[in-house]
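First up is the structure itself, then whatever we jot down about it.
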Amino acid sequence: MHLLELAPDLVSLEFDPGEMPVVRQRLARLGRVSEARHASYSVLTVAGEQFLHENEWGDPCLIAQSAAGSALLRFVAVAAEQPDRLAS
């Protein structure tokens with residue numbers, strides 16, 4: 001799991017397909033997760049922030065749509081390196 005910088009305030013959280021349950025669990029600790037599915041992508045909403053969920057060629061990612069969304073993804077990525085960061 002790692003972050004890819006897309007623009008000054010936007011990031012993409014890149015992860016392996018098997019990590020999706022862990023990603024969803026971490027997002028759920030930040031707020032209610034809802035999902036709207038479309039033909040080639042989904043839109044996840046967490047704590048009022050939207051993320052594009054794409055899974056091209058078996059490489060899933062969540063793309064933040066705002067600086068605040070990027071901050072949430074940065075938190076999730078840091079939690080991957082420090083698991084007790086989200087413990088409670």
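Not measured: the values here are computed from a predicted model.
- No single ILVMFWY cluster, assembled from side-chain heavy atoms under 4.5 Å apart, contains both V46 and V43.
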- Message: side chain to side chain contact (heavy atoms under 4.5 Å, CB included), that's the test. Do E14 and L3 meet it? Break it down for me.
- Response: CA-CA 6 Å; E14 314 278 319; L3 291 172; over 6 Å; no

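- Put simply, NE2 on H2 and CG on D16 are 9.5 Å apart, with the number rounded to the nearest 0.5 Å.
- Among residues at least two apart or in separate chains, ring-ring contact (aromatic ring centres under 6.0 Å, His included) pairs with a member in residues 22-47 are H38-Y41.
- Hydrophobic clustering keeps L6 apart from V76 (ILVMFWY residues linked when any side-chain heavy atoms are closer than 4.5 Å, directly or through intermediates).
- Between T45 and V33 there is no side-chain heavy-atom pair separated by less than 4.5 Å.
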- Item | Test log, rule side chain to side chain contact (heavy atoms under 4.5 Å, CB included), inputs R26 and V22 | CA-CA 6 Å; R26 290 177 182 156; V22 173; 3.3 Å; yes

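- Scanning all heavy atoms of the two residues, the minimum distance from L10 to A67 falls at CD2-N, 4.3 Å.
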- Item | I63 and F51: CA distance, side-chain angles, deciding distance, side chain to side chain contact (heavy atoms under 4.5 Å, CB included) verdict | CA-CA 5 Å; I63 304 170; F51 306 92; over 6 Å; no

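- Applying the salt bridge (Lys or Arg N to Asp or Glu O under 4.0 Å) criterion to R37, with sequence neighbours excluded, gives E35.
- One distance of note links CG of L52 with CG of L44; it measures 9.5 Å at 0.5 Å rounding.
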- Task: Let me see the working for V23 and L13 under side chain to side chain contact (heavy atoms under 4.5 Å, CB included), right down to the final yes or no.
- Result: CA-CA 9 Å; V23 170; L13 180 67; 4.2 Å; yes

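- Residue S12 comes nearest to C61 through the heavy atom pair OG-CB, 3.4 Å, listed as atom of the first residue, atom of the second, then distance.
- When all heavy atoms are compared, the tightest approach of D59 to N55 is N-OD1, 3.4 Å.
- Rounded to the nearest 0.5 angstrom, L73 CG and L4 CG are separated by 11.5 Å.
- S34 OG to Q50 CD: the interatomic distance, rounded to the nearest 0.5 Å, is 8.0 Å.
- Of all heavy-atom pairs spanning F15 and L62, the tightest one is CE2-N, 4.0 Å.
- For the atom pair CD (E56) and OG (S40), the distance works out to 7.5 Å, reported to the nearest 0.5 Å.
- At a cut-off of 3.5 Å, with distance as the only test, a side-chain donor of E49 or S66 sits close to an acceptor on the other residue.
- For the pair H53 and P60, the minimum side-chain heavy-atom distance is below 4.5 Å.
- By the 4.0 Å N-to-carboxylate-O rule, E19 lies too far from R24 to be salt-bridged with it.
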